[in-house]
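What you see below is based on every heavy atom in this structure, not just the backbone, and it leaves out hydrogens, waters and symmetry mates. Since the structure is predicted, the reported quantities are computational estimates derived from the model, not experimental observations.
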Amino acid sequence: MALTSLDRAKQQYLEQQVASATPERLLTLLYDRLLVDIDRAASAQDAGDWNAANTHLTHAQSIVAELHGSLTDAWNAAAELRGVYTYLTGRLISANVSRDRAATLECRQLVAPLREAWHEAAELTAAAAPRVSALG
């Protein structure tokens, strides 16, 4: 499928947004997209569109893999969060392979509060960061 000029413009905008984002913003963007993928997968499952559900659940798994891979042991709760990501990956796979709507809902229930917590943490970090003035 060929990209239209609008598709290319959207892609360029997204690439620029990601390239210029802070680490906190990148994290919240990943969580936002993860929740979108899970919601889209649930809608596709409700409609019996298993190809679309597969696409969204597979993309969600990729995001969780990225989040899992970005964890370092410098943070005290990294091991616990790593366990959540491992469990979440298994449930996303089960939701996809077994066409299990309940597993998809469970994934949403796991991700939504994490997403909210990371947004709050990002806001606190941004508020605590020194402001850089364009005037010096």
Can you tell me how far CZ of Arg91 sits from CD of Glu106, rounded to the nearest 0.5 angstrom?
4.5 Å
Are Val64 and Leu110 joined in one hydrophobic group, where the rule is that I, L, V, M, F, W and Y side chains link up if heavy atoms are under 4.5 Å apart?
yes
Evaluate Gln16 against Gln12 for side-chain hydrogen bond (donor to acceptor under 3.5 Å, both in side chains), listing each step before the verdict.
CA-CA 6 Å; Gln16 289 172 354; Gln12 286 176 340; 5.9 Å; no
Grouping I, L, V, M, F, W and Y whenever their side-chain heavy atoms are under 4.5 Å apart, do Leu105 and Leu88 come out in a common cluster?
no
Quick one: does Leu35's side chain get under 4.5 Å of Arg108's, heavy atoms only?
yes
Is there a chain of hydrophobic side chains (I, L, V, M, F, W, Y, each step under 4.5 Å between heavy atoms) that links Val36 to Tyr13?
no
Using the rule given for side-chain contact (heavy atoms from CB on, under 4.5 Å), can you reason through Arg115 versus Asp32, listing the C-alpha separation, both sets of side-chain angles and the distance that settles it, and then say yes or no?
CA-CA 7 Å; Arg115 178 193 167 273; Asp32 290 348; 2.7 Å; yes
With salt bridge (Lys or Arg N to Asp or Glu O under 4.0 Å) as the test, would you mind laying out the steps for Arg82 and Asp73 before giving the verdict?
CA-CA 10 Å; Arg82 196 170 281 120; Asp73 291 329; 3.2 Å; yes
Can any side-chain N or O of Arg101 pair as donor or acceptor with the backbone N or O of Gln45 at less than 3.5 Å?
no
Apply side-chain contact (heavy atoms from CB on, under 4.5 Å) to residues Trp50 and Asn96 and explain how you reach the verdict.
CA-CA 8 Å; Trp50 304 114; Asn96 196 11; over 6 Å; no
Any donor-acceptor N/O pair, Ser98 side chain to Ala95 backbone, under 3.5 Å:
no
Applying side chain to side chain donor-acceptor pair (under 3.5 Å) to Thr4 and not counting sequence neighbours gives Asp7
Transitive ILVMFWY side-chain link Leu81 to Leu92, under 4.5 Å
yes
dist Thr55:OG1 -> His59:NE2 (nearest 0.5 Å) comes out at 10.0 Å
hydrophobic_cluster_shared for Leu71 and Leu67, side chain cutoff 4.5 Å:
yes
Between the CG atom in Leu114 and the CD atom in Glu116, the distance rounded to the nearest 0.5 Å is 10.5 Å
When rounded to the nearest 0.5 Å, the distance separating SG of Cys107 from CG of Leu34 is 8.5 Å
Ser94 side chain vs Gly90 backbone, donor-acceptor pair below 3.5 Å:
no
Residues Glu66 and Leu30: closest non-hydrogen pair is CG-CD1, 4.2 Å
State whether a side-chain donor-acceptor pair under 3.5 Å links Asp39 with His56.
no
Heavy-atom closest pair, residues Trp118 and Thr28
O-CG2, 3.8 Å
Rounded to the nearest 0.5 Å, what separation is found between the CD atom of Gln17 and the CG atom of Leu26?
9.5 Å
Measuring from atom OG1 of Thr58 to atom CD1 of Ile63, what distance do you get when rounded to the nearest 0.5 angstrom?
11.5 Å
Please give me the minimum heavy-atom distance between Ala44 and Ala53, naming the atom from each residue.
CB-N, 3.5 Å
